[in-house]
Q: 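Pasting a structure below so you can have a look.
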Amino acid sequence: MQWKSLLAAALLSAIGLAAQEVHGVTPADLERGLQLFLNNCAGCHGPDGDLVPDVNLASGKFRRAQGDNDLRGIVLRGIPGTAMPPGNYTPEQAGVLVAYLRSLASSGAPKRTGPPGDASLGKAIVETKGQCLQCHRIGRAGSIAGPDLTGIGGMRRGADLEQSLINPDAEIRPDNLTVVAVAKDGKKITGRLMNMDTYTLQILDGSSLKLRTLKKDDLREYEVLKKSPMPNFRDKLSEQEISDVVSYLVSLKERI
Amino acid sequence: MRITALLFTIALASNAQETQNWLTYSGRIDGQRYSTLTQITPANVKDLELKWVLQTRAPAEPNSKYEATSLVADGILYTVQPPNVVVALDAVTGRIFWTYAHNPSPEARPCCGRINRGLAMLGNTLFMGTIDGYLLALDARDGHLIWSTKMGRPEEGYAVTAAPLVVKDKVIVGPAGGELGISGYLAAYSAETGKEIWRFHTIPQPGEPGHDSWGGDSWRHGGGSIWTTGSYDPESNLIYWGIGNAGPDWNGDVRPGDNLYTSSFIAVDADTGKLKWHFQFTPHDEFDFDAAQIPVLADLEWKGKPRKVVMTANRNGFFYVLDRLTGEFLLGKSFAKVTWASGLDDKGRPVRTGHSTPEGSVIYPENQGATNWYNPAYSPRTGMLYVPCWMDTWSIYTSRVEPYQEGLWYSGGGATHNVPGVRPALVTRRQPDIAWAAIQALDVKTGAVKWQFRMTDVTDSGVLATATDLVFAGGREGYFYALDARSGAVLWKSMVGGAVSAGPTAYAVDGKEYISIPAGNAIFTFGLRQ
């Protein structure tokens, strides 16, 4: 009598398990997992996951974990008797953290290509030669025309920051898009895209530095730039200078 | 000192005629919540239509009502969704520009829900208190955090729920936590850096005047919280603020004395925080009668002479008019059924007839008061103060000896509720002999009730008055009304489907006037049909 339903239950749980192991992970999940990792784990494990002695989260294998459930257990309960702390995460947060650990383990952390950098030299380049503050804010200095770099080191890995400098067109994050619009009267408007819908674009106007809404009906045309308005620094700074700048950006962990 | 000058212009602008912006909690630094916009009138108010709705991300927790007054500057509306999520949106279309989510510490223990009453603004900077005891400054253009100042330990119950007040180059605010035994204060912070500039102890510390109004050690956890916004008079440079209840709330026996400056208005110098005068509405409070009401400043003709006054309808059931330069008591009159006092003496001190007792005493009004933090509005045109009132309510007040323990409720007893106190009920079957609500129009020269707009369920809604003799207000039932400021007649109403627990905002963009009100978990914005 019971065996049929037992079997069904076993089958279901097997399917459930399999589904759990391979469940659809979206790029957005991985991005949020990365953010959580950088905010909560990178302080010990490093942004690339290889700073704790004998532990390399990007090596493809875990010493203390087999499946996702083990990883989830480590994330939530820590590893008693070691420096690995328990964490107060929602099931959803634990899920994307584990997904991120998985992706890190399977593809490894992207590596910086340049020589080791010096953060204090990098700071000077950012503030002078690089003219970065003409477009970016860091703390209370700089402009709000471009993305805020305050705390960027807690949100991006070194390799990603390096890419932003030497290959800015490669990836533009949805938060960092620029709109160029031409009004019916021929006026050109450039700004950061804050939001958009069927009828309107919300921008931070690049010249007035004010928030404003553009009605699409009032525009002759508009374009969300696919190329970055940021200069490519590959030709403007030496390899060493790029590395110095990246090291400085990596050091920017404070959110204020 | 560019910032100072800038701030001053802004502060003054917020009292100016024809202003299209709403730059501070009450819309004006005098606390009147009176809009000088004139496009929406008694004749056309019936043509108001919904322009946009902002739905918040998720249903609020049961107690976290949407209490924030929206600010509007040059077409951008700024609001705070509970607990501490700032949203900047287009005031014409409702589309969001940015959000900033402060993630409060799990140690936060606000008494009455994870709520926030709104922002302050100076130039391009927004200021927000957080329920885990911080004051934050954000860039209004992109939500970037500029500074963060810790005002108190959340573990001890310090929470910042009031909208701060910007005065010149300072941000003025203090912590809530009167049910958790905090020691309250009002403080000024540099708008530029967040550094504390002055602090006024609402519970006088040893050596300070008024300290002897607390028997023994009782001052240590005396409460005196700040949880609503004050007002400012540029001419005298005085800041007026309402101070919360004494702790423990319902057991006065353990704190002999008047317990200054709880349940009082204080007037302090804006530059130094030095006390100019105080007026205590409920000395030795045993009913949780915070004076957490908005001080409303006005220049009146009083008995034939011009007089600068501050007015308030107090939670304790009496309406007061005081001279705002000296604190002199000019008028006091009850506006709801009151049994804890038989009246006020000629200095305005209550003649006490009831106490909270170990066996419990039935006393009017109920613990939430005859009115509360919901802002009133004053129209200089009609000379009336419009007050959201809870009518014919009572509680059984019981006192108990309760030791102070950090982070725990320190109330010394309890009060019964015939009306759900903090959290609106889904349905109302209560009959009016138990409690009802009214927007009451008080003649400020006599305290007489000129008209009364009755609602079946009670209200936590603030009120807005306009220069076209309109009064906007709502209630827990989910209606939002436009009333005739002279008669109280309903000229327009809209069912917004959730309790109104915030004050309305009036603003204009591109010459068009809007009226905006949070209700339930959303903001509703109305304008005239085109």
Q: Look at the side chain of Arg255(A) and the backbone N and O of Leu145(B), then say whether any donor-acceptor pair between them is shorter than 3.5 Å.
A: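 No: the side chain of Arg255(A) does not pair with the backbone of Leu145(B).
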Q: With a 6.0 Å cut-off (strictly less than), is the heavy-atom count around CD of Glu406(B), excluding the residue itself, greater than 12?
A: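 Above 12, so yes.
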Q: Is it the case that atom CG in Asp185(A) sees more than 12 heavy atoms from other parts of the structure closer than 6.0 Å?
A: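 Enclosed: over 12 neighbouring heavy atoms sit under 6.0 Å from CG of Asp185(A).
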Q: On a heavy-atom basis, which atom in Ala140(B) and which in Leu211(A) lie closest, and how many Å separate them?
A: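 Of all heavy-atom pairs spanning Ala140(B) and Leu211(A), the closest is O-CD1, 3.7 Å.
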Q: Say you draw a straight line from CG of Leu204(A) to CG of Asp142(B); how long is it, rounded to the nearest 0.5 Å?
A: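 Between Leu204(A) CG and Asp142(B) CG, I get 6.5 Å after rounding to 0.5 Å.
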Q: Rounded to the nearest 0.5 Å, what separates atom CZ in Arg95(B) from atom OG1 in Thr213(A)?
A: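 With rounding to 0.5 Å, CZ (Arg95(B)) is 9.0 Å from OG1 (Thr213(A)).
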Q: Write down the atom of Trp98(B), the atom of Met194(A), and the distance for their closest heavy-atom approach.
A: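 Residues Trp98(B) and Met194(A), closest heavy atoms: CD1-CE, 4.0 Å.
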Q: What do you reckon, is NZ of Lys215(A) surrounded by more than 12 foreign heavy atoms closer than 6.0 Å?
A: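 It does not: Lys215(A) NZ has 12 such atoms or fewer within range.
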Q: Enter the distance from Arg192(A):CZ to Phe97(B):CZ here, rounded to the nearest 0.5 Å.
A: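 It comes to 12.5 Å.
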Q: What option among Thr200(A), Thr150(A), Asp197(A) has the most heavy-atom pairs under 4.5 Å with chain B?
A: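 The answer is Asp197(A).
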Q: Examine whether an atom of Arg137(A) lies under 4.5 Å from a heavy atom of chain B, and if so say whether it belongs to the side chain, the backbone or both; otherwise answer neither.
A: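 Side chain of Arg137(A) only, per the 4.5 Å heavy-atom cut-off to chain B.
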Q: Work out which heavy atom in Thr193(B) is nearest to a heavy atom in Arg140(A); give both atom names and the distance.
A: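 The answer is CA-NH1, 4.1 Å.
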Q: Around Lys184(A), counting heavy atoms of other residues, nucleotides and ligands shown, do more than 12 lie under 6.0 Å from its NZ?
A: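 Enclosed.
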Q: Taking everything shown except Arg220(A) itself, do over 12 heavy atoms lie less than 6.0 Å from its CZ?
A: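 Yes, the 6.0 Å shell around CZ holds more than 12 heavy atoms from other groups.
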Q: Would you say the side chain of Ile144(A) lies within less than 4.5 Å of the side chain of Asp139(B), judging by non-hydrogen atoms?
A: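 Yes - at least one pair of side-chain heavy atoms lies under 4.5 Å apart.
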Q: Heavy-atom distances under 4.5 Å only: say whether Leu193(A) touches chain B with side chain, backbone, both or neither.
A: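 Neither part.
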Q: With respect to Lys210(A), which candidate in Asp74(B), Ile76(B), Asn124(B) satisfies the side-chain contact (heavy atoms from CB on, under 4.5 Å) definition?
A: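 When Asp74(B), Ile76(B), Asn124(B) are each tested with Lys210(A), the side-chain contact (heavy atoms from CB on, under 4.5 Å) holds only for Asp74(B).
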Q: Name the region of Thr93(B), side chain, backbone, both or neither, that has any atom closer than 4.5 Å to a heavy atom of chain A.
A: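 Looking at Thr93(B), just its side chain touches chain A.
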